[in-house]
There are 2 protein chains.
Amino acid sequence: MHDVTGPSDRLLDCVLDLLVAEGYEGISIRRVAAAAGVSIGAVQHHFATKDALLAAAMDRISQQFQERLDRRIAPGAGPPEVLRAVADELVSTGAERRPASVIWLVRMARAAVHEPTAEVHRREWQQVEDLLALLIATARPDLAEQAVRDEATVLLALLDGLAGAVAVEPARVPADRAEALVARHLDALLDPVRPSA
Amino acid sequence: MHDVTGPSDRLLDCVLDLLVAEGYEGISIRRVAAAAGVSIGAVQHHFATKDALLAAAMDRISQQFQERLDRRIAPGAGPPEVLRAVADELVSTGAERRPASVIWLVRMARAAVHEPTAEVHRREWQQVEDLLALLIATARPDLAEQAVRDEATVLLALLDGLAGAVAVEPARVPADRAEALVARHLDALLDPVRPSA
DNA sequence: AGCGTAGCCATACGATCGTATGGTCGTCCA
DNA sequence: TGGACGACCATACGATCGTATGGCTACGCT
């Protein structure tokens, strides 16, 4: 069994750690090298420029995100359960998930002013919305196509907003409350009329 | 009638322009000075340090935001109309409002890694949620206190998420669609049962 | 008239940045 | 055995950064 993580992945993990700790402006070749315990030249050897390093770091979080998402979808449960699992993954509650939320915030802000980052972000978020729409359409076959699209967009925006709030304003929006609000929203979405038992 | 904007406000506007154009890492004393057409010393004269300059810029957008919000509340319309107006202000659609959304994204990302920024952001967003809760409670006197709080938190998260999406992903979430989705959400919130006419 | 001060500028200092260059190991293959 | 090559390091270069310093002008007050 060979290692799945090479030395360059170690560097990328250090980049992500620095991103979480100090944001985008806290990243420099020297700091990444120091955090990884290697020389400046080592970083340059694996990544020709700073832009390449950052692009690789963005790819890495995308890949980790996709893996987590796939793991949540895999078990073959019913669409409602999968939808709840995916939503739970996206709100990203829990102290150990905060780094992921912070990185998403930093990346989104960068996407707003840096076109290459924006392209990656757009492609990825479109895929997430498509996934949500697919799950909603399966769980609610009574909904028209446009209504499904609307529900997916609203759900994704809600999850984004809550994830950011949990990461930055834990007093106003504690993690468990965000989870409860998502559950409430999904209850209404998946079981709209609630006639009786 | 004296001017309400002094020379330091001109500098702050340049800071905000740079923030929108290149994000937080695009800001330096020299660039702000160049954008304003003054010397480095002039910037230093009005703001002792870079941190003070950025803090003042954050205060300025907070103040502009509050002013816009107050203007939307002023007319003395009914709570439902005010709620729709405030929500419209927060989603920040329209091409001319994109700079405001970008600044919010940059500021939020900074709040995630910079405690002083986080404190300002938390205080402000708590006030916004309080305002939304007050409007919702007035428009829906049948709701319990906790339900009002939940609706306010969900609404604010939804508006945040949609504003970011409109600013970064105009293809997936065009401005008019975001407005329509907000309107749909508020329709359901303000007129929950829709029994008949 | 004289002086303080606000407003602004030119310049300099030290630090840090991204990147380029050249060297030193080890390993592997011909 | 020897040379090509990948991995890594030490160092240097030019640019840009935040900040400090000192000087110059114009105005207000006494």
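All chains are named by letter (A, B, ...) in the order of the sequence lines, taking the proteins before the strands, and each is independently numbered beginning at 1.
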- Item | B:His45 vs C:dC8: side-chain N/O to OP1/OP2 distance below 4.0 Å | no

Please tabulate, one pair per line, each protein N/O and nucleotide N/O from nucleotides 16-20 of chain D that are separated by under 3.5 Å, including the distance.
| from | atom 1 | to | atom 2 | distance (Å) |
| --- | --- | --- | --- | --- |
| D:dC17 | OP1 | B:Ser28 | OG | 3.2 |
| D:dG18 | OP1 | B:Lys50 | NZ | 2.7 |
| D:dG18 | OP2 | B:Ile29 | N | 3.0 |
| D:dG18 | N7 | B:Arg30 | NH2 | 2.5 |
| D:dG18 | O6 | B:Arg30 | NH2 | 2.6 |
| D:dT19 | OP2 | B:Lys50 | N | 2.7 |
| D:dA20 | N7 | B:Gln44 | NE2 | 3.2 |
| D:dA20 | N6 | B:Gln44 | OE1 | 3.1 |

- Task: Starting from the C-alpha separation in whole Å, work towards a yes-or-no answer on side-chain hydrogen bond (donor to acceptor under 3.5 Å, both in side chains) for B:Trp125 and B:Asp160.
- Result: CA-CA 11 Å; B:Trp125 243 225; B:Asp160 268 350; 2.7 Å; yes

- Query: Just by distance, do the side chain of A:Arg172 and the backbone of B:Arg122 share a donor-acceptor pair under 3.5 Å?
  - Reply: no

- Inspect the contact between A:Asp191 and A:Arg140 and indicate whether a charged nitrogen and a carboxylate oxygen are less than 4.0 angstrom apart. no

- Is the count of non-hydrogen atoms from other residues, nucleotides or ligands lying under 6.0 Å from B:Glu145 atom CD greater than 12? no

- Distance below 4.0 Å between B:His46 side-chain N/O and C:dC8 OP1 or OP2: yes

- If you fit an axis to the five pairs at each end of the helix from C:dA1-D:dT30 to C:dA30-D:dT1, how big is the angle between those two axes, to 10 degrees? 10°

- With no hydrogens and no angle check, is any side-chain donor or acceptor of A:Arg107 less than 3.5 Å from a backbone partner on A:Thr117? no

What pairs of nitrogen or oxygen atoms, one from the protein and one from nucleotides 22-28 of chain D, lie under 3.5 Å apart?
none

- Could you list the residues that satisfy side chain to side chain donor-acceptor pair (under 3.5 Å) with A:Asp70, not counting sequence neighbours? none

- Item | Salt bridge B:Arg31-B:Asp17, side-chain N to carboxylate O under 4.0 Å | no

- How would you list, by chain and number, every residue that makes a side-chain contact (heavy atoms from CB on, under 4.5 Å) with B:His45, sequence neighbours excluded? none

- Pairs where residues 75-90 of chain A contributes a residue and the test side chain to side chain donor-acceptor pair (under 3.5 Å) is met, not counting sequence neighbours: A:Arg68-A:Glu89, A:Arg72-A:Asp88, A:Arg72-A:Glu89, A:Arg84-A:Asp187, A:Glu89-A:Arg97

- Query: Quick one: do B:Glu115 and B:Arg110 make a salt bridge, cutoff under 4.0 Å?
  - Reply: no

